[in-house]
Amino acid sequence: MASCDGCQLTLLDCEDELLALGEAVDIVHFPEASSALRPQGRFDLTLVEGSISTPEQLEEIRHIRAVSHALVVIGACATSGGVQALRNFADHEQFMRVVYATPSYVSSLADSTPISAHVPVDFELRGCPIDKAQLLEVITASVVGRKPGIPNEAVCMECKRRGVVCVMVARGQTCLGPVTHAGCGALCPAYDRGCYGCFGPRESANTGSLATWELGRGRSKADMVRAFRLITGAAPAFEHESKRHEP
Amino acid sequence: MTPPPAHWLERDELGHLLALIRGDGYRLIGPTVDGAAIIYDEIEGVDELPVGWTDEQAPGRYRLRRRDDDAIFGFAVGPHSWKQRLFPAREPLVQIRRDGDDIRFSAARADPPPTAFIGVRACELAAIELQDRVFVRGPFVDHRYAARREACLIIAVNCVEAGELCFCASMGTGPRVGPGYDLCLTELDGGFVVEAETEAGAALVQRLDARAAADAELTARDAGLDSCRQTMGRELDTEGLPGLLFGNLDHPRWTEVAERCLACGNCTQVCPTCFCFDVKDVSLLANAETARERSWDSCFGQDHSTIHGAVFRPAIADRYRQWLTHKFASWTSQFDASGCVGCGRCIAWCPVGIDVTEELSAIRSQDPKPAIELPRPQVWWPREDDPLVPAPARVLEVQPETPDTVTLVIERTTAVREEPGQFNMLSLPAIGDVPISVSGSGEDFVEHTLRGVGRATKALSELRPGQRLGVRGPFGSRWPIELAKDHPLTLIAGGVGLTPLRSAMQQLAANPDDYPAVRLFYGARSAADILYDTELLAWDSLPSCDVSVTVDQASRRWLGNIGFVTRLLRRKELPLDGRYFICGPEVMMRQVLFLLDEAGVPKSHRFVSIERNMKCAAGFCGRCQYGPYFVCKDGPIFRHDHIDFIFGQPGF
Amino acid sequence: MTETVYKVDMLARVEGEGRFSVQVHDGEVTGAELSIFEAPRFFEALLRGRSLAEVPDIVARICGICPIAYQMSSVRALESALELVVPAEVWPLRRLLYCGEWIASHVLHMFLLHAPDYLGYDSAIEMAADHRELVERGLHMKKIGNQVIELLGGRAIHPVSVRVGGFTRAPRPRELDELRPALALGLDQALETVEWAAKLAKPSQDNDYVFVAVKGDDYPLERGDRLAISDRGDIAVEEFNEAFHEAQVERSNALHCRLADGAAYLCGPLARLNLFADKLHPRAREALERSELRLPVRNPYESITVRAIEVVHAFAEAVDIVAAYRRPAQPFVAWRPRAGVGHGATEAPRGLLYHRYVVTDEGEVAQAQIVPPTSQNQARIEQDLVALVPSLLTLPHDQATRRCEQLIRAYDPCISCATHFLTYDVEATP
Amino acid sequence: MKQALRKIRLLCDLDDGQLERIAAIASIERVKTGDIVVEEQGPANSIRAVAEGRVSIAVSVPGRGELPVCTVSVGEILGWSALLPQARWLATARAVKDTTLIVLRGAALLDLYEQDRELGYRVMHRTFETVAERLHDTWLQLMDSYRQ
């Protein structure tokens with residue numbers, strides 16, 4: 001679907017495990033890696049990357065759902081609409097004109113939406129991009145027959161386990177870590193910058209309190225709109241928060 | 001007892017001390033400046049210590065600042081604590097290897113190098129001592145923690161300056177370093193007063209160029225400690241705090257703080273005493289090798305209290321209250337001390353600056369309800385075996401009970417005979433382990449009845465005779481059968497809640513002289529879901545036992561009772577001197593207890609079995625906490641009056 | 001009268017979603033189309049109004065294969081808009097990061113996407129059954145490339161440390177030192193790879209290309225203020241829109257870019273090597289010489305060998321940079337917003353990547369233009385198909401189709417990148 | 001009869017005189033396992049109490065036949081519909097054991113309530129209690145709590 005292909009690439013980035021994976025499961029349709037395409041038939045596990053942003057994709061995902069035993073959607077695009085869902089906040093017509101001289105050549109839906117907005121999904125693996133180890137865990141869980149061990153917690157938990165010094169407290173930076181789903185391993189704080197929400201909101205994301213704190217230490221409302229409206233800005237909790245600060 | 005002799009160490013001699021320790025084969029972990037904070041990391045000498053640095057702290061704020069002098073320990077505590085060294089954020093517990101039907105479990109041994117902790121503050125040493133209570137003081141010993149603890153040499157430092165967020169004086173943990181150190185330094189102008197508490201410490205002093213401390217130096221030390229005590233940035237009234245908190249579980253402040261709290265878990269992670277962890281099996285595809293790992297967890301996460309898809313602490317208010325009541329109240333029942341040492345880390349490193357001292361004083365000052373009495377800590381008999389490593393056991397037999405329930409008969413792996421009501425942790429590689437109550441046992445076998453509904457139980461229920469699984473246990477409390485001697489005894493079971501009562505029933509039925517009047521009321525979903533039907537009939541036929549069964553759903557062919565188990569009880573006499581054992585879904589137990597209330601049966605005569613999220617089963621991981629209890633070691637069987645104040649209370 | 005159509009509706013082993021078709025009428029090619037149906041994602045539009053500090057994070061998402069290229073071109077363009085002088089210590093780190101991407105991307109393409117064409121497999125996983133060592137060598141080199149990126153940027157895809165003015169964090173020397181053994185091993189493997197690639201049997205073709213690449217002091221990569229155009233001299237990066245012209249075509253969601261005079265041109269490894277072989281790292285030059293490849297290289301099927309040479313170059317540079325590394329006290333220069341227009345061009349693995357931004361005095365993006373290599377090469381790919389197809393007419397249909405695919409893959413087209421770009425022919429916006 | 005009535009929870013608050021008056025309108029009914037006691041849709045004329053045995057109460061579900069929803073045991077009553085004006089049975093009651101029932105005609109019982117308001121109050125109070133308990137038990141049954 002609509003994406004940068006980075007999440008599929010994550011599978012190819014499993015350099016140490018790729019060949020074992022190829023032996024353990026029968027990969028039947030993976031256009032990025034193989035020209036033996038077998039999109040027909042029924043699948044035990046289907047991984048889908050990307051958001052739904054064209055009428056054709058909408059049709060395709062319904063078909064995929066129908067032929068898949070388990071549908072696991074991977075990445076921020078597939079789970080929240082992705083960065084391209086920023087267009088959901090703008091006038092679509094105008095967007096088309098900005099990019100394409102003749103918009104009528106291009107087929108596109110007004111909004112970029114997550115897969116779960118259209119068909120039931122069995123598991124959502126978050127991230128922009130997804131984490132390699134988590135991807136392998138989801139596949140392993142599917143092979144072994146158990147629930148994927150993907151912790152449902154804040155980025156802060158990974159940050160602290162890693163021993164990183166909090167950038168909010170010690171550097172005064174804005175960081176979405178406390179309201180963002182873990183999985184990246186707290187990369188940004190480890191690189192001395194605030195989290196920008198690639199994995200989308202966690203459950204119980206108290207975005208309101210975080211925004212209040214940031215406003216209280218001199219950030220502007222426009223800063224808050226930008227902070228919550230980025231890679232996963234169309235995820236409901238972030239969308240709601242960014243709208244609260246719109247002029 | 002005379003105080004240990006104090007020595008005086010010139011400032012320049014500190015390097016010598018560190019060199020000596022290194023020379024003795026220790027690696028040094030100490031404070032060092034890293035980017036934006038003073039952290040604890042491996043150091044080589046004095047140069048890497050934060051000489052001339054201090055920290056400014058406020059709620060949600062920490063900044064490094066240069067000092068006017070070149071003090072070495074002139075700062076308060078930072079984001080790291082010694083917990084990271086003794087109880088690492090991630091660590092393998094068990095290596096599991098599958099070879100056909102054979103499974104081998106081996107402990108991932110911590111083989112810690114000798115490590116010297118440089119600059120341990122009073123509050124931090126108190127925190128280490130508190131974690132000792134969790135991990136080594138019973139009933140089980142966490143061998144990994146214990147090995148690291150053994151391998152450490154503690155060079156403590158007295159605080160002569162208080163931080164803005166410090167309140168160790170209120171918690172009684174500082175600023176003077178308490179027992180448990182090898183050496184303790186007090187930094188004064190030009191050098192250190194050095195006190196040794198252990199032989200290792202004293203031996204180090206011997207090898208240094210140190211002289212006996214002069215009175216003036218000791219006076220200066222005491223003055224520094226005094227001034228520190230007096231300038232503590234925070235204060236906390238701890239008087240009767242545990243009872244106060246549990247008496248105010250519905251205080252409006254919980255909702256108020258929940259609006260600010262991010263439930264991010266930072267407070268628990270920086271806390272030097274918080275010990276909760278999660279356990280996961282890490283494997284690749286269907287590989288033969290699986291690593292069972294633990295990693296720090298927090299009661300602020302949803303998974304912490306989730307069991308069978310039910311979330312026991314859905315709201316942030318529930319989670320904050322869980323944390324604060326645990327830290328300042330439950331700890332006292334569990335470990336005979338407050339869980340807070342007053343270091344102030346949770347205040348500084350809360351991203352939105354929530355201050356526990358403020359929250360606690362708000363609860364105390366805003367219309368509090370009366371305090372209640374909390375249970376006293378238990379004394380545990382230590383058990384030497386490693387509770388986290390399963391033993392492989394062969395499945396001897398698999399008896400189908402109902403379409404989704406089987407009884408696994410497995411070979412006994414332990415010398416300890418399970419008691420009715422206790423449970424074992426059953427595990428499969430790559431899938432993990434789950435608590436399953438013992439439904440029966442014999443000389444050389446144990447029986448577990450389980451419903452294959454979750455992924456782990458499903459995998460377990462698909463085992464075949466001859467295959468192996470991992471077993472650790474037995475764990476937990478038991479049905480107090482002996483208390484029922486000479487009293488009518490009523491067992492009330494719902495669904496698979498019958499399984500832990502089955503082994504009790506077997507004993508009761510076998511001893512009619514002691515237990516002449518036993519009644520069993522059992523509610524099942526449908527006729528097809530009734531467990532142990534032949535045994536039920538057999539028990540019913542005994543003069544000493546009376547069995548009644550009811551189902552929720554029936555077809556016309558069913559000629560027995562239909563209706564919830566409470567309908568059975570309503571028709572029966574509920575003797576006041578009787579004893580009652582109840583096990584089933586919590587909603588069922590609640591309804592049964594209401595009926596017993598109506599009948600006037602004393603709470604002390606009723607025993608219930610509680611189920612909560614359980615990972616380690618040995619009292620380490622904190623996940624099965626139930627108010628002041630751990631379900632794994634204080635439970636699963638509780639006397640009703642002991643848990644009355646939290647039973648059915650949302651958020652517990 | 002015969003009518004033959006070669007077409008593939010879902011191009012595999014390329015990045016993103018595209019198709020091609022070639023129509024032949026009585027032995028004469030009447031049409032060749034590479035069309036891209038990857039859904040548009042409107043990056044230029046959604047950059048408008050964003051803070052310029054956010055641009056590197058946003059543009060990385062254009063492509064999962066070469067996010068660093070996007071980050072590098074964007075920070076170059078924005079720094080030029082801000083007239084910011086980046087500290088000297090930052091440049092080697094940027095080049096090192098980019099080397100990581102070149103290694104990962106080139107190796108991915110060579111071993112996992114392109115090699116199966118030469119050896120007759122559908123995928124590298126299948127190929128591994130017969131050529132395990134080869135595939136493992138590829139995966140190993142790719143892993144090292146990714147390790148370089150991960151070390152500097154946190155993760156291999158969409159790294160997090162690139163910022164306008166430098167890096168959010170510079171690694172400790174100790175961390176970089178840990179890369180040394182892997183880089184040395186990678187360099188050896190890259191040298192072997194050149195020999196392997198050079199020996200692959202390749203169809204012959206000789207195309208008359210116009211080559212375009214960034215021109216700077218070194219072999220084209222992360223910086224260069226001019227663009228070299230073969231046979232036509234060079235231009236300043238700022239003159240991009242005068243020298244090149246982007247247009248939309250009906251069949252595709254990607255814009256086509258040509259020289260102002262309408263000629264198709266080529267950017268990417270072939271262009272870089274032909275224009276700047278003299279600037280190759282000595283180790284790469286040796287490899288070039290040993291490969292017996294003769295300049296100019298005008299056979300697109302040889303691009304697999306050229307990529308292998310560039311991988312040697314990237315490893316060799318990385319080794320040098322790590323050896324000379326000193327940790328900067330502060331890995332970035334701070335900036336204040338000011339209004340301006342900035343241009344930046346760097347060499348993505350697939351070729352020239354041009355960014356242009358108009359920023360306001362509040363530090364917001366007013367306009368963004370991004371021209372990725374694949375949209376520049378698209379016209380050239382179609383032209384090559386037209387040239388190739390007459391020679392395929394005697395082959396069985398499926399073999400001929402495969403040859404077309406192989407040709408397209410030789411360009412390593414990155415379709416995710418190619419979509420969603422802004423033309424200057426913007427119709428009046430309301 | 002009085003002895004039998006004493007065991008019925010519905011009547012447990014009544015004094016001897018009141019019980020006698022009830023006994024006067026009561027009759028005994030014996031049914032065999034499987035016999036229908038009352039049938040859905042039939043005119044609801046009597047309230048019954050189980051003196052011995054057990055009766056199941058079932059609702060007809062098209063396509064699935066009678067679906068038993070609860071059982072009534074010794075001391076409990078069934079058929080409170082008989083106390084409603086012009087009522088019909090809402091469910092079928094069937095003996096699942098050989099059962100002895102005490103039958104109280106609805107009209108006669110209502111007359112008694114009119115004559116002796118105190119008796120009426122006491123019995124209706126217990127009737128209400130039974131209805132409330134049964135409703136509550138039904139909720140619990142509906143929760144399907146053993147599924148977890």
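All values below come from the heavy atoms of this structure, side chains included, with hydrogens, waters and symmetry mates left out. Keep in mind that this is a model prediction, so the values were computed, not measured. So you know, we letter chains A, B, ... as the sequences are listed, proteins then strands, and number each from 1.
More than 12 heavy atoms of other shown residues, nucleotides or ligands fall within 6.0 angstrom of atom CD in Q302(B). A 6.0 Å sphere centred on CZ of R30(D) holds no more than 12 heavy atoms belonging to other residues, nucleotides or ligands.
Proximity to chain B among residues 93-125 of chain D is limited to R94(D), V96(D), judged by heavy-atom separations below 4.5 angstrom. Scanning residues 69-81 of chain D against chain B with a 4.5 Å heavy-atom cutoff picks out V69(D), C70(D), T71(D), V72(D), S73(D), E76(D), ordered by number.
Distance check: H136(D) NE2 to F564(B) CZ gives 9.0 Å after rounding to the nearest 0.5 Å. Between the CG atom in D552(B) and the OG atom in S145(D) there is a gap of 6.0 Å [rounded to 0.5 Å].
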| request: Could you go through the side chain to side chain contact (heavy atoms under 4.5 Å, CB included) check for V496(B) and Y146(D) one step at a time? | output: CA-CA 7 Å; V496(B) 285; Y146(D) 308 129; over 6 Å; no

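For the pair R147(D)/R451(B), a side-chain contact is recorded, criterion being any heavy-atom separation below 4.5 Å from C-beta on. The side-chain heavy atoms of Q553(B) and L67(D), taken from C-beta on, include no pair separated by under 4.5 Å. Two residues are said to be in side-chain contact when any heavy atoms from C-beta on lie closer than 4.5 Å; L559(B) and R54(D) fail this criterion. Contact annotation: the side chain of R134(D) approaches that of R567(B) to within less than 4.5 Å [non-hydrogen atoms, C-beta and beyond]. Here the side chains of Q591(B) and L140(D) are in contact, with some heavy-atom distance below 4.5 Å.
Only the backbone of A524(B) comes within less than 4.5 Å of a heavy atom of chain D; no side-chain atom from C-beta onward does. Within the 4.5 angstrom heavy-atom criterion, atoms from both the backbone and the side chain of R525(B) approach chain D.
In terms of heavy atoms, P68(D) sits closest to A554(B) at CD-O, 3.4 Å.
Of the residues considered (G523(B), G454(B), S555(B), G309(B)), G523(B) shows the highest number of contacts with chain D, using heavy-atom pairs under 4.5 Å.
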